[in-house]
Structure formats: C-alpha cells, structure tokens
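Each chain gets a letter, A, B and so on, in the order its sequence line appears, and its residues count up from 1. Every value quoted in this text rests on a predicted model; they were computed, and no experiment measured them.
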Amino acid sequence: MEDKITVAHVQLSSCCGCLISLVDTYEKFLDVLNSIDLVYCQTLMDAREIPEADVILVEGAVCLEDHHALEVAREVRKKGKTVVALGACAALGCITRFAKGGQMPKPVQGSFSSLTEIIRCDMAIPGCPPSPELILGVITALIKGDEEYLKPFRRYAVCKCESCGCDLIINVVNKSLCMGCGICSASCPTRAIEMVDGRPVVSPQLCVKCGVCSFQCPRIEI
Amino acid sequence: MAQTVDITPTTRHEGHAKLILEVDGEGIVSKAYYINTTPIRGFERMVVGRPAEFVPFAVMRICGICQTTHGIASCSAIEDAIGCEIPEDGRLLRELTGLGSRMHSHPIHHLLTLEDFVKPEEGDLKIEIIKLIQSMRKVGQLIVDTVGGEGIHPPNIVIGGMRTNISERAKAKLYYALRQFEKDAYRMYEIYQELIERFLEEVGIPDLGSHDYPYIASHTTYGDREAINWDGIVEIPPHRYYKDMKIAESTSLMIPLYEGVPAEGGPRARLVKFGNFRSGGGAMDINIARAKENLGAVYRALEILDELNINGKTRVTPEYRDGSGIGVHEAPRGMNTHFAEVGREGRIKSYRIIAASNWNFPVVEKAIEGYPHQYAEVIMRAFDM
Amino acid sequence: MDPLGSYKSIISARATDKRILKRCQDGGIVSAVFIYGLENNILDGVIVADKEEGFRPVPKVATTPEEVLEAAGTKYTVSPNLSVLKSAIREYACEKVGVVGTPCQILSLRKALKYPVGFRHMVDKVKLLVGIFCMENFPYMGMRIIVEELCGVRIEDVVKMDIGKGKFWVYTRWGEVKSVKLKKTHPYEQSSCHVCTDYTAELADISTGSVGSPDGWSTVIIRNERGEEIINKMIEEGYLERRPIDEGKFGLGLLKKLALVKKEKNMKEIEHRKELGLPVPPDVCH
Ligand SMILES: Cc1cc2nc3c(=O)[nH]c(=O)nc-3n(C[C@H](O)[C@H](O)[C@H](O)COP(=O)(O)OP(=O)(O)OC[C@H]3O[C@@H](n4cnc5c(N)ncnc54)[C@H](O)[C@@H]3O)c2cc1C
Ligand code: SF4
Ligand code: SF4
Ligand code: SF4
Ligand code: SF4
C-alpha cells in the first residue's frame, strides 16, 4: 500500500470522455485501481476536497469567467507533484477553442483556455479522448518511472501547442517531410483527413483541434 | 429549527453541481435546490454560422458518456430541417449505435450508484458487480466502436445517415457479444432489484424520492418527434423559475417545462409511457427501470441485426436548403432534443438543445423535497445526472 | 550497427502456390504470408495496396485470399496503407490484422503501437508487420511520367512495373518490356524519401524484397519470433520453398551495400537540411 502512487482525477470544462476512456480498459480497470491509490475522482467517488497527490490528472479547459475553475487550476498545481493535462481540452483546448459565449443562462462564459496556458503542467496528452491503452501506458510509466516513455508528453506540455489539422500541412507537407503513410488520416477522431495523392487533405469543417494527427505523425518531433 | 444543508460538490455523476437544502427540525427537506455549476461551453452558440457537418461532431462533445445521443439528435434535427430522408439501413445502424451507447451508459450508471446500495463489508459482491458492469460496458462500447466508428464520440453518425455499413464478420461478432450481454443484463437486473429492495427496507421509506410530476418520453429505444406535442414545451431562464435570485444566478441551466410544469424523462418515464411499469413510485424505481431497459436494449439490438442488410446503402448526400427541424433521441437519461435552423448554404442559423438531464434537474429538486436530507444524493443519483 | 537493423536470420524464399507466383512481384512472400495467415486463422484481415484504373493505388482491408491476390504486385507510388488501419478494426471488426508497408509505414505503425493516442483498442489487434524494402518512392504523377513519357507506355497498358539492375521496367499487356535507367527517374522521386534512412523496414516482423536473391525469389529477413514462427510453419507445410541466401557480392553483400548507401546518402541530406534550418524527421522508436 505504501508504495502505491497517489492519483487524483480532476474535471474542469470537459465532457468527461477522457475519464470514460480510462474506464474503457474494461476488465483491466480493476487492475488499474489496484495498482494506484486513487484519492480523488468526483465522478467515481465521494471525496469532495482535492488532496495532495503524486499525480493529478486534469481533464478539461479552464473557463476564465468561472472564478472557481481558476481556483481549482491553481489548487491542482499546488497539490499535485506531477500535473498531467489529460486529453485535448486540457492540453490544447480542443472543442472549447470554438466557444465564444452568448448562451443562456450564462452568456458571459465564453473564454476557455487550455490548462497548459493557465498553469505549468508537467505533462500533456492530446487526443479526444486519448485511447484507453495510451492512458494506461502513461499511468504504467508513471508507476514505473519510465521517463523514456513519458518524454513526448513532457515535451508536449511545454510546447504550448495550438493544434489543428493544418499543423500537418504546415509542419509536414509544406516541409517536404510527408511520405504518405496515412496514419494521420486513420487517427483522426472526426475523420477529417482524407488522403489525396498520398497527402493528407484536412477538412477544416470537421476538425475539432484535438492534436492527434500531428502527434501520431512519425515525421514531426514531439 | 430550520437549517440549510449544503452539499458541494455532489459526487458520482457527470459534470459539476451542488445541492442546497432547506431542512426542517425533523431533518426533512422542505426546499431543495439542485444547482448546475458546470461552466457553459455554449454549444448552441458555437455552431451558429458554422457548416452543418461540424455540428454533430461538436455537440457530441457535450458529454463523453452519451455523445451518441447528441450526434443522433443533431443529425436528425438537421435532416428534418432540410427534408433529408436517410436510407433504412442507415437508420437501423444509427438506432443500433444509440442502443450500444445505452448499453454502456446504463451500466456505468450502475457503477456510480453502487456505493449507495452495497455495504462496505460486501467487498466481494462489489467486485462481482463491477466485473459485470465492465463486461456489459464492453459490449455496449463494442457496438459503438464498430458501428459508430469510435466508442467515444462516434464519427460515423453523419448528416444523411451513417458513414459506412459493417462487415459480415462484424455483424457476427456483435451477435455473440449481445448474447453475452443478455445473460449479464439478467444477472444485473436481479442484483439491482435485491439491492434496492433491501435498501428501501432498511431506510423504511418505501416511496423515497417520489414526486407527482408528469413523465416525458417519445419512444422506447430510439426517438420519435411525432410523439411529442412541441407546442407544450417551453424553456425558461432560471431567473423566472426560481424566486431566489442568488440561486437563479448561480445555475447554468435553462428550465424546460412540459405543459407548464417540470417533467421526468428517462428509463422510468419510457417504461411507464410505453409499457406497464409502475408510475408514481419512489425514485429508486428508476434504478430498477434502468436495469430493465438493458434488456429491452439488447433485444431490440438483436432484432436490428436481423433486419440489417449489410450490403444496403447507409447514407445519402444531403442537399441543403432553408428550413428548421427537430431531432429527438431517447438518451440513456431521458429525452434529448435538438432544434436546428439551417440556411441554404448549409450553415446553421440558430440552434437549441434540451439535453436529457435538463429535464431532470428541476424534478430532482421535487423528488428530494419531503424526505430526510441524508438521502438527497441517493435520490439525485437515481436520475442519472 | 548492422545496415539491415536487427534480425534473427535471412533466407531466400518463394511461394509455391502458382496463383500467387502469377500475380506477385518477386517471390510472392507478402501474398503467401497473408494468405497463409488468413487460411489458418492467424490473421483475419490484412491491409494491402490494391489498384484502380491507371495504376492508382488504393489501400484496402482484405479478408479473403482472393482479395490478397488482387492486390499483389508492387505499385511504385505512395499508397497510404495505414489510412485504413482503423476501419480494419472497426467496421471490419478484425482482431488479427496483418499490415504490409514500406519501411516508413512500418515505422509509423510502430510508433502508433507504442503511442496509440488516437487508436482505441488497436494495439492488441495488430498481429503481423510485413515490411518491403524500399529505396525511394514516386508521387503518382511522377510514376506516370516515368511510364508514359520516359518509357513511352500508355498507363492503361501496364501490367507490371519493377526496379532492378539499375533500371525501371515496365511490362505491357501486349508482352512488351520497356525500361529506363534509374538515373533518369531520380527527378521524379518524392523528396520526403531523401530523409529516410531505412531500406529494409527494420522495425517489421518480417522484411522482404528482391535484392539479394535470384529473379523470381525474394530475400526474407526474419526479425523476431513472431516472424520466425510463421515463416517456419509455412516452410514446413510447403507454402514456401527456401534456399540459403547468397552470402556473396550479389546476395547479402548487395543488400547490405544498398542499405548502407541509402543511410549514408540520406544522412547527408538530413545534415544539409539542418544546415538550411529545415526540420528533419525525429528518431522514432529506435
Ligand atoms: C515504392 C517501393 C519501392 C521498392 N523498392 C525496392 C528496392 O529498392 N529493393 C527491393 O528489393 N525491393 C523493393 N521494393 C519491394 C518489392 O518491389 C516487392 O514489393 C517485394 O519484394 C515484395 O514482393 P512479393 O512478391 O513478396 O510481394 P507480393 O506478393 O507481390 O505483394 C506485395 C504487397 O505489397 C503491397 N504493396 C504494393 N505496393 C505498395 C506500396 N506502394 N505501398 C505499400 N504496399 C504496397 C501489395 O498490396 C502487396 O500486398 C519496393 C516496393 C515499393 C512499393
Ligand atoms: S478531449 Fe475530447 S473526450 Fe476529452 S474532455 Fe475534451 S471533448 Fe471530452
Ligand atoms: S484533423 Fe482530426 S486529428 Fe487532426 S487535429 Fe483535427 S480533429 Fe484532431
Ligand atoms: S502521418 Fe504520414 S501521411 Fe500524415 S502527414 Fe505525417 S507522414 Fe504524411
Ligand atoms: S524511401 Fe523511405 S520514405 Fe520513401 S517510401 Fe520508401 S520507406 Fe517511405
């Protein structure tokens, strides 16, 4: 028991899909729960105060018009040894990049920033949501202290990426690096990328800015 | 002596909320406020001016548990607006995806309520139930993965139908998975009935969480816009619903009313309206209705596999024109409605959503009132918020 | 480091099935492995490059031996095979997927297997990675220029293309064979190939190509146990015939030489790009 790392899951402005993705490890989920000490997760358990924890997984963007959300963000930074921006909303903004307010009954709430823009995060994971296997991989690496595996996520936390399918065009196709493997297209959660003449064509109407395609591309340094 | 009990945040449900309870000298709730404190990402405004294709993908991200229902309601609202008929096999696959979503969402809700009914010393039972839940969820999500394209935010639900059909192999795999689900769902139904019976016996309040508001439901397994009198539905700002301005200002919720009053949506509402489930009982009935709906879902899913032609067309190319439409889908937690107004170029002119849990927020308040305050969260959770 | 990456053994081999030999590129290793896998429940779906009119490649999920055969043969142009990876495990519901790809595609897939951010429930379903040797590739219209302008053949008449003995060869359905020196095809290579240092798909389970073996035979690099198991079984059961690899100058020697040439040449290009301040591909999964 003493050796287990303590983990908290905190939800900001998100859909909860990133947590569900972790739960979608099905039978392995119990193993996950056994291998860590889950100390806070408002969706799954009754703890009402965020405690100190070795790892705090945060999903969701931060609503700047919600004082409470800003406080939670600060609290998370204070209480977590390692703060992980879990999923594209926390890491990159994702769908909240399109938010602009105007909706009843709180028309003022309209400014959402990624968690990585608000506090220093130790790691960030793109994906809407990241796959169950990936989240499991990260948790396992955290338990084992496998820094080699975690490296891309550590880098991702500081790159303050704005993400979009256009990144592929700018960083890969335009730089004569794209060799047409097609993995970006398969990875896209909204199927926004079609391969034409061996190159990705991104439909900006469908892109939700999740960052997956660029992360998955083997020709970009992450 | 009257006092106020403040439960912040409420736990084991999706989103952020709190309960403010006015409690009398006996500990009975005389007035309950269930306040949604989730910041509004503003999906209704986000999609205005954007091309229609974007909308289903955007609105799915309202909720990571019941994304499918938002995708379906959104597509059907836009299809209704532009007069687009989707092919029969597309419709079947859509309904199947929705059922898959229900078959993973209901069990996850059992997971959230579990602690309310299982005792701390019943560790083995708890593990058995969690395993059962995960085994059921795996089947539900397999359907959404296979038919919808992704278990979370399924991109195959598109305006005009479904992006693709499924292979013979996939169909067979789903069949066997469903048969497994059927077994598990029976077991789950038994367990839940027993647990709840025991719980109510111990509490000694058989009708815990009852209310006398009407039910609202459009269909058992899918959604039917014809079944609802839309003129009878309004949505009012909390400022008009709550007398207390502080409360009104703190909640993120618009209040939907049916024929002038709140109405309960969800498993019980559906089973009462379209079956012979007991009406007017306590809120714990909803937990049982939910477990029962797992069975309804699996039988309808098996039927769909039978009806489905895997070589059939699943999608038509939508032709955009001016119009407005309604899309209804019965989400796991209740009737989910999207209203879309589309312009000729296929851009969204206006958009409104009455999500399933919006209906139940005011009903939860009514259901909590009149009962001991320590059961407030148990009652709230029965509604799957 | 070995210019061929790490491996267990290297052999020459060829399929025994006449149907495969009639349609395949070299020894028919890829098609034979896939058909064997499908027929013996080792695989239940494979990703291959089929073609449409005008030799346009189309990535495809094949679930029957017939579909594998239809897609046999090399297309000397980019076929984004991995773009259908997800549909293989979704609407096709495959659980034992085989993938053939160029070295860059194999590398890309390895990265996705290590970091499956956008690939829910995929990792345990990819069972076999077959890599094909690759010196360079051509954009589709680049290939057309080589065929139509340099070799003077209408694209609709082409039944096979090949690279060997320093030339690009085009075979027509009228039985003619045209060729052009590779030196002349260089201008039509896709530029992103010039920063690629993997010739033999070093991260595959099995890699195969023509170089190093006699005509009609393939060189097969068996890289790990997974690859070894299937190749051994196929030899035992008579699906493949094998001969020892020629260790000499025109066998293994040539293979190593070409692999090294690619590495050295393209490392230079990478250095050059760095000097220009241009981005270069990262080291992934090494
Ligand atoms: C662009 C390119 C360059 C090559 N360069 C060399 C080389 O320099 N030296 C060498 O020894 N071999 C090279 N090869 C490999 C060689 O041409 C044969 O593909 C290989 O020997 C396999 O032959 P086979 O008879 O075993 O396969 P077959 O049974 O004919 O099967 C070949 C498989 O590869 C797939 N395929 C065909 N084209 C592509 C493509 N463009 N992308 C992805 N998959 C494809 C087919 O769908 C088929 O499944 C190259 C191949 C390609 C595609
Ligand atoms: S990244 Fe996607 S799945 Fe995760 S919270 Fe945001 S919208 Fe939901
Ligand atoms: S194109 Fe797709 S994968 Fe890339 S950022 Fe947009 S939504 Fe994500
Ligand atoms: S993932 Fe592959 S196809 Fe997509 S941009 Fe990168 S190299 Fe090109
Ligand atoms: S040379 Fe390299 S980058 Fe180009 S196709 Fe071959 S393996 Fe891919």
Side-chain angles (χ1 to χ4, degrees), chain A residues 21 24-26 87-88 91 125-138 148-149 152-153 155-156 170-191 193-200 210-222, chain C residues 47 56-59 77-90 101-124 134 136-143 190-196 203 269 273 278-285:
Chain A
S21 187
D24 281 357
T25 42
Y26 309 123
I125 306 175
C128 180
S131 74
E133 291 75 13
L134 190 276
I135 304 177
L136 200 61
V138 169
E148 189 272 332
Y149 187 83
F153 306 108
R155 295 176 49 103
Y156 212 70
I170 297 164
N171 298 326
V172 196
V173 178
N174 293 166
K175 298 296 176 291
S176 88
L177 288 173
C178 174
M179 43 54 188
C181 66
I183 199 89
C184 51
S185 164
S187 70
C188 175
T190 64
R191 310 296 189 264
I193 306 173
E194 195 191 339
M195 296 300 293
V196 178
D197 295 330
R199 295 294 178 265
C210 76
V212 159
C213 50
S214 291
F215 194 93
Q216 221 76 76
C217 174
R219 291 227 154 170
I220 315 181
E221 183 89 53
I222 46 167
Chain C
I47 296 176
R56 227 177 233 285
V58 213
T77 181
V78 182
S79 172
N81 283 8
L82 299 179
S83 63
V84 298
L85 177 60
K86 208 177 253 163
S87 57
I89 55 176
R90 295 287 196 269
T102 49
C104 56
Q105 296 179 334
I106 296 298
L107 176 111
S108 184
L109 180 51
R110 280 287 179 221
K111 177 178 168 185
L113 289 168
K114 184 173 177 187
Y115 295 113
V117 187
F119 290 94
R120 208 178 136 78
H121 303 333
M122 178 266 292
V123 176
D124 60 339
C134 176
E136 73 279 305
N137 207 343
F138 305 93
Y140 177 72
M141 286 316 289
M143 178 189 79
Q190 71 170 352
S191 58
S192 55
C193 290
H194 299 152
V195 291
C196 165
L203 300 177
E269 174 64 18
R273 280 179 138 259
L278 291 171
V280 298
D283 269 342
V284 194
C285 300

*asked:* Tell me if a side-chain donor or acceptor on K86(C) pairs with a main-chain N or O of S185(A) at a distance below 3.5 Å.
replied: no
*For C188(A), is it the side chain, the backbone, both, or neither that has a heavy atom closer than 4.5 Å to a heavy atom of chain C?*
backbone
*asked:* Atom CD of residue position E194(A) - does it have more than 12 heavy atoms of other residues, nucleotides or ligands inside 6.0 Å?
replied: no
_Check: Q105(C) side chain, I183(A) main-chain N or O, donor-acceptor pair, under 3.5 Å_ = no
*chain C heavy atoms under 4.5 Å from M195(A): which part of the residue, side chain, backbone, both or neither?*
side chain
_Any side-chain to backbone donor/acceptor pair from Y115(C) onto G137(A)? Under 3.5 Å, distance only._
no
*Return yes if some donor-acceptor pair links the side-chain N/O of E133(A) with the main-chain N/O of V123(C) below 3.5 Å, else return no.*
no
*asked:* What part of P129(A) gets within 4.5 angstrom of chain C, counting heavy atoms only: side chain, backbone, both, or neither?
replied: backbone
_Is P116(C) close to chain A through its backbone or its side chain, or both, or neither, when contacts mean heavy atoms under 4.5 Å?_
both
*Which of these passes side-chain contact (heavy atoms from CB on, under 4.5 Å) with P281(C): R219(A), K175(A), M179(A)?*
R219(A)
_F153(A) portion near chain C, given a 4.5 angstrom heavy-atom threshold_ = side chain
*Interface moiety of C128(A) toward chain C, non-hydrogen atoms closer than 4.5 Å*: neither
